[in-house]
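So you know, we letter chains A, B, ... as the sequences are listed, proteins then strands, and number each from 1. Here the structure is a predicted model, which means the values were calculated and not measured.
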Amino acid sequence: MELNVKVAAILDEVADLLELKEDSFFQVRAYRRAAREIESLTADVKDLYIRGHLAQVPGIGKAIHDKVVEIVRTGELQYLKDLRNEFPAGLLQVMRVPDVGPKTAGRLYKDLKVTNLQYLRLAAEQHRIRRLKGFGERTEENILKGIRFLESGQGRMLLGYAYPRGKALEEHIRSHGFPQVSLGGSLRRMKETIGDIDILVGSDDPQRAMDTFISYPQTEEVLLKGPTKTSIRLVDGVQVDMRVVEPSSYGAALQYFTGSKEHNVTLRSLAIDLGYKINEYGVYRKESGEKVAGETEEGVYSVLGMQWMPSEMREDRGEIDLSRKGRIPRILELSEIRGDLHTHTEASDGVDSMEAMTEAALGKGYEYLAFTDHSRSLKVGNGLSVERLQENIRLVRKIGERYPDIHLMAGTEVEIDEKGGLDYPPEVLEELDIVVAAVHSRFKMSSEEMTERLLTAISNEHVHILAHPTGRIIGEREGYQFDMEAVLQAAKDNDVAMEINSFPERLDLNDTYCAMAMQRGVTLSIDTDAHNVRQLDYMLFGVATARRGWVPKELVLNALSWDDLRKRLDL
DNA sequence: GCCGTTTTCGGCCCGACTGTTTTCAGTCG
């Protein structure tokens, strides 16, 4: 699967470089689309190639097919090397500056010999940019601003960071008398990382909505202001865009600003074929211009003969086709989660007591809660010795008697050693209700060794869940390398659940791997890995990740009732 | 470069805002 990522990256770079060429707009789009398709494949691109199915992937025609084959075979692409020779590598960096696109970069290269960020900054500081025809003082200032933004390293933020901020702003606007307000964009689609926060308001008084937005106490700077669209930057650097439309257009605008871009492009092409035009104000008959939908999202989809679908599904990964056939699957809801099977307490490296965690779980209406503190060899996590573990089990049983409305489970997050062995002997694991196995060490072993390690752990009869299966930390480290197909197969064969860890920096399995697991019928467990009571709220993000992988509740271990879970775990 | 329940050629989503211009190109989402 790492190969899929590599192929997509190469196609993306081809697209980046092609942008600098004249008249290559549609080629750029074709390469980008192919990259997205390959990125979201749930099978290995090499397998597809071997089985002769590569050409059936949408967006892959003859030319790109041959290039993908070249990459699969040789690991390289000559066409990309040729393009790299045509343009200085630094120009790609120049294009990453906000408001600098291919045309501007091309001009700066041609007229000022700007080949990288350093030269761009120099040219701006020496006021050579403002002297170009079509450029001016403001453009020069914006370029300098853009360079500073890039260098501040403010790229995308974690969903877990953006979500509470977006919700707070949404509430601020709603509380000022605007009932029609919603998050949009990647935040509403619950992507694991978010570029900026999008907010949509339906109102007949756009001016007052804008004023309310700008008056938000956390506002640092107004970046852009028009009659229907305003952007601000918050004190922590997060950018928020707000759009205001009339209530009669709210549904169309919500659909449009939720995206994704790819979903919208496909939807709008479809609309054209059906004789309609869609924009953010409504759906219109092409001939008469008559407006036929716009008030609600359901209406927009419905007029195109489509079924509404959850925002998490809108990535143009086949949902439009299913929607036209009325076959959008029923995917997991947060309300269907019955318990949390991976949490920590003060016994190891958590901060709250079992009682506090239990009260919080009761507040969520959970039927069960598992305490899975770290095992003995994880010294940094204050792992439990065998004696402390056994003492902990007794404590769980004792506290459990005081809480008749929830089933407290004694468990462990047990270390998987480098050979795949577990950190406690079998007779100790036997005493536990649930065993969550995890890799926290030796990340850099070869893919073969790591696969063997994971397969050994999964085939251990005491293991119920494989925690954060890839070990990635978003923005910090890649996951370890292993054969995901083999691990999923083993999980299915051994009835072991793969975890979706709800921690914002983990969300692992990610959406694509969730889809892979689902297609293979592998059970998933959505856990918070909470180290305090507040982190039990992270469940929302794990569920969102499952929804992005179209996972139904039937495949989720902790969507089972206590009775069914107990049977499943042989308790 | 891809694609076709009208097409193998001629299309390819659509609009807001900015900056620099007198009518629009470029960028963004």
Kindly give the atom pairs (protein nitrogen or oxygen, nucleotide nitrogen or oxygen) under 3.5 Å for nucleotides 16-18 of chain B.
residue: B:dA16; atom: OP1; partner: A:Y281; partner atom: OH; Å: 2.7
residue: B:dA16; atom: O3'; partner: A:T228; partner atom: OG1; Å: 3.3
residue: B:dC17; atom: OP1; partner: A:P227; partner atom: N; Å: 3.3
residue: B:dC17; atom: OP1; partner: A:T228; partner atom: N; Å: 3.0
residue: B:dC17; atom: OP1; partner: A:T228; partner atom: OG1; Å: 3.4
residue: B:dC17; atom: OP1; partner: A:K229; partner atom: N; Å: 2.9
residue: B:dT18; atom: OP1; partner: A:K225; partner atom: N; Å: 3.1
residue: B:dT18; atom: OP1; partner: A:K225; partner atom: O; Å: 3.4

C1' atoms of B:dC2 and B:dT8, separation to the nearest Å:
12 Å
I'd like to know if A:E297 and A:R314 make a salt bridge, using a cut-off of under 4.0 Å between side-chain N and carboxylate O.
yes
In whole Å, what separates the C1' atom of B:dT18 from that of B:dT23?
15 Å
By ring pair (Phe, Tyr, Trp, His ring centres under 6.0 Å), A:F257 pairs with (sequence neighbours left out) none
Both distances below 3.5 Å, Watson-Crick or wobble geometry, any strand: find the nucleotide opposite B:dT8.
none
Tell me every residue that passes side chain to side chain donor-acceptor pair (under 3.5 Å) with A:E280, counting only those two or more places apart in sequence or in another chain.
A:R243
When syn is taken as a glycosidic angle within 90 degrees of 0, is B:dT7 syn or anti?
syn
Which listed nucleotide (B:dG15, B:dT27, B:dC13) is nearest to the side chain of A:K261?
B:dC13
Before accepting this row, confirm whether a basic side-chain N of the pair A:R547/A:E333 lies closer than 4.0 Å to the acidic partner's carboxylate O.
yes
Say you pick atom P in B:dC12 and the same atom in B:dC28; how far apart are they, in whole Å?
23 Å
Distance between P atoms of B:dT5 and B:dG1 (Å, rounded):
23 Å
Report yes or no: does A:T296 contribute a side-chain atom to a donor-acceptor pair with the main-chain N or O of A:G299 at less than 3.5 Å?
yes
Separation between the P atoms of B:dG10 and B:dG15, rounded to whole Å:
26 Å
Separation of the P atoms in B:dC13 and B:dG4, to the nearest angstrom
14 Å
Considering only atom C1', compute the distance from B:dT20 to B:dT27 and round it to an integer number of Å.
14 Å
Identify, residue by residue, the members of residues 285-309 of chain A with a heavy atom below 4.0 Å from DNA chain B, and return them in order of residue number, or none.
none
So does A:R36 pair up with A:E39, basic N to acidic O under 4.0 Å?
yes
What residues form a side chain to side chain donor-acceptor pair (under 3.5 Å) with A:T139, not counting sequence neighbours?
none
Take atom P in B:dC9 and the same atom in B:dC14, then report the distance between them in whole Å.
25 Å
Per-nucleotide protein contact string for nucleotides 1-12 of chain B (B base, S sugar-phosphate only, - none; heavy atom under 4.0 Å)
BSS--------B
